[in-house]
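Below is one structure; the comments refer to it alone.
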There are 2 protein chains.
Amino acid sequence: MRLLFRAGTMKTLRLNSNDKAVLLGSRFFETLSAAASDAILEGAVVTNHEEHDILFQQDEPVDSVFCVLSGLVRVYRLGKDGREADIAVFPKGELFGENAMFLGNRATANAQAIGSSTIARLDSRNLRKLAEQYPDIAQALMELLCRHGQMAEDCLAEDRLLTAPQRVASYILGHCPDGSTTFSFRLPFQKNVLAGKLGLAPEALSRAFSALRRSGVTVKGRMIEIHDRQALERF
Amino acid sequence: MRLLFRAGTMKTLRLNSNDKAVLLGSRFFETLSAAASDAILEGAVVTNHEEHDILFQQDEPVDSVFCVLSGLVRVYRLGKDGREADIAVFPKGELFGENAMFLGNRATANAQAIGSSTIARLDSRNLRKLAEQYPDIAQALMELLCRHGQMAEDCLAEDRLLTAPQRVASYILGHCPDGSTTFSFRLPFQKNVLAGKLGLAPEALSRAFSALRRSGVTVKGRMIEIHDRQALERF
DNA sequence: CGCATCTTTGAGGAGTCTCAAGAGAGGTGG
DNA sequence: CCACCTCTCTTGAGACTCCTCAAAGATGCG
């Protein structure tokens, strides 16, 4: 298992047509003109990563914006004692690492592949230049930054206002369509990862699921079933 | 004491020359051309607020970006039980409320004046239009969004990695110039407010100061003295 | 000086973490 | 198809942190 990846260490590839399709289908690109998209993807490269590969590390120089083409990426910070705090988890189709672009090309957190993943890199200097040229690129970047800021604020508020079972209930409700009273879905990752995302120890997540069982939530492996949406909302 | 302010309820004024100076001296405007700044300030208005005035509330429509001209503003979210979680505290010269601009003009949090405050409002539709026209405005907006996102991520990471005394130590160190080993400064607000900003109950902040006393921190009213920077960093 | 507000201190309790061990799931090879 | 192994997840027990409530002590303002 390769624990650390550094620029230059790894084989970089050109985008294939599937990679391009994922990028163009992502939220960031959906509002862009073909010309703008092409200009961004010009010179983009792809790397493949195994589980636990480090994509970048806090305070190191970073000259790309990243996009998950397949797999999953965890962004986190390290405490002095080596403990890790997750900032966000990005699934396929999400851009991340754009902050460094505005902060002297230094990463403010670490990023790690969860499971084997394919990652696209867009040259951030190029992107900045294009943002001056195409207002819709600037607009898309602002919306990206806003969404990511919002995600962090949501997490912060939830951490401060909700208990562990309430945070888990909130996560489940976020995957539940509005109208339905009963619903089921599959977790997109291991419980381990969910625990980190919610700022919990794995044991605490497990106990939270136990507590929610009494409110009509059934958990089997990665399958979650909700039998009574109302009860969950009141939790 | 007026607890709630709503658009239209309050007397709005034009910017006076001092207001303009504060705005132009703020971080947001420092990189802008005079033409761009003038275009933004065209049509800006000012309102005066007493302590605890609400500037906007979650999910309500907001069509301005705000700037603190004097005083202090607290941005927070409400839990179902009425408890409040601070997202950020903005001092004089800081813009806030820019998120609503990218999210359908709906506020994602509440904002409240701490102490009597003067607030400028910049029309957000105007700002958006200008961002398409002036690349440096778009750039400044991106940097603003990035800084605010970063602030939230910093808070989140600190909440998850540090104990109460460690968070207080980190706050103090953030006000301490790099070279010095001994230092003192005055809190820019009541301890109450600091507690909220750090995600602590006021009692917990008090106890954290007690704990830090053993590491060479003296607290008298709002004055903080650090006698041994190293000890604080190790805490 | 007196009152209101802010801050500190104490005691008890809720919530979450850590460590340790047991149960379950998934994969591999016989 | 089963036995075995590994990895993940769950459960239990104890410790620790922080919150809440209550009361006493500062602080500041009129």
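Labels below follow one simple rule: chain letters A, B, ... track the order of the sequence lines, proteins then strands, and each chain is numbered from 1.
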Go through the N and O atoms of the side chain of A:Gln190 and the base of D:dC7, and report whether any donor-acceptor pair is under 3.5 Å.
no
Evaluation steps, salt bridge (charged side-chain N to carboxylate O under 4.0 Å, His left out), between A:Arg229 and A:Glu233
CA-CA 6 Å; A:Arg229 188 169 201 235; A:Glu233 278 166 355; 3.3 Å; yes
Just the rounded figure in Å: distance from C1' of D:dT6 to CG of A:Asn192.
15 Å
Spacing of A:Gln166 atom CD relative to D:dC19 atom C1', expressed in whole Å:
14 Å
How far does OG1 of A:Thr47 sit from CG of A:Leu13, to the nearest 0.5 angstrom?
8.0 Å
Sugar-phosphate, base or nothing in reach of B:Leu205, heavy atoms under 4.0 Å
nothing
Using whole Å, report how far CZ of B:Arg222 lies from P of D:dG28.
9 Å
D:dT11, OP1 or OP2 - any side-chain N/O from A:Ser210 closer than 4.0 Å?
yes
Separation of B:Arg160 atom CZ from C:dG15 atom P, in whole Å?
19 Å
Starting from C1' on D:dT10, measure out to CG on A:Leu212 and report it in whole angstrom.
15 Å
Determine whether a donor-acceptor pair (N or O, by modelled atom type, separation under 3.5 Å) exists between the side chain of B:Asp53 and the backbone of B:Glu50.
yes
Of the candidate nucleotides C:dC19, C:dG15, D:dT20, which contains the atom at the shortest distance from the side chain of B:Glu203?
D:dT20
So, is B:Lys220 close to the D:dT27 phosphate, meaning a side-chain N or O under 4.0 Å from OP1 or OP2?
no
Supply the atom-to-atom distance A:Phe235 CZ to A:Thr163 OG1, rounded to the nearest 0.5 angstrom.
6.5 Å
Checking contacts here: which listed nucleotide (C:dA11, C:dC17, D:dT10) is nearest the side-chain heavy atoms of B:Arg207?
C:dA11
Could you state the CZ-C1' distance from B:Arg83 to D:dC18, rounded to the nearest angstrom?
12 Å
For the pair made of CZ in B:Arg213 and C1' in C:dT9, what is the distance, rounded to whole Å?
11 Å
Using ring centroids (six-membered ring only for Trp), state whether A:Phe90 and A:Phe66 fall under 6.0 Å.
no
When the distance from CD of A:Glu158 to P of C:dT16 is rounded to whole Å, what number comes out?
13 Å
Between C:dT8, D:dT17, D:dC9, which nucleotide has the shortest distance from any of its atoms to the side chain of A:Lys191?
D:dC9
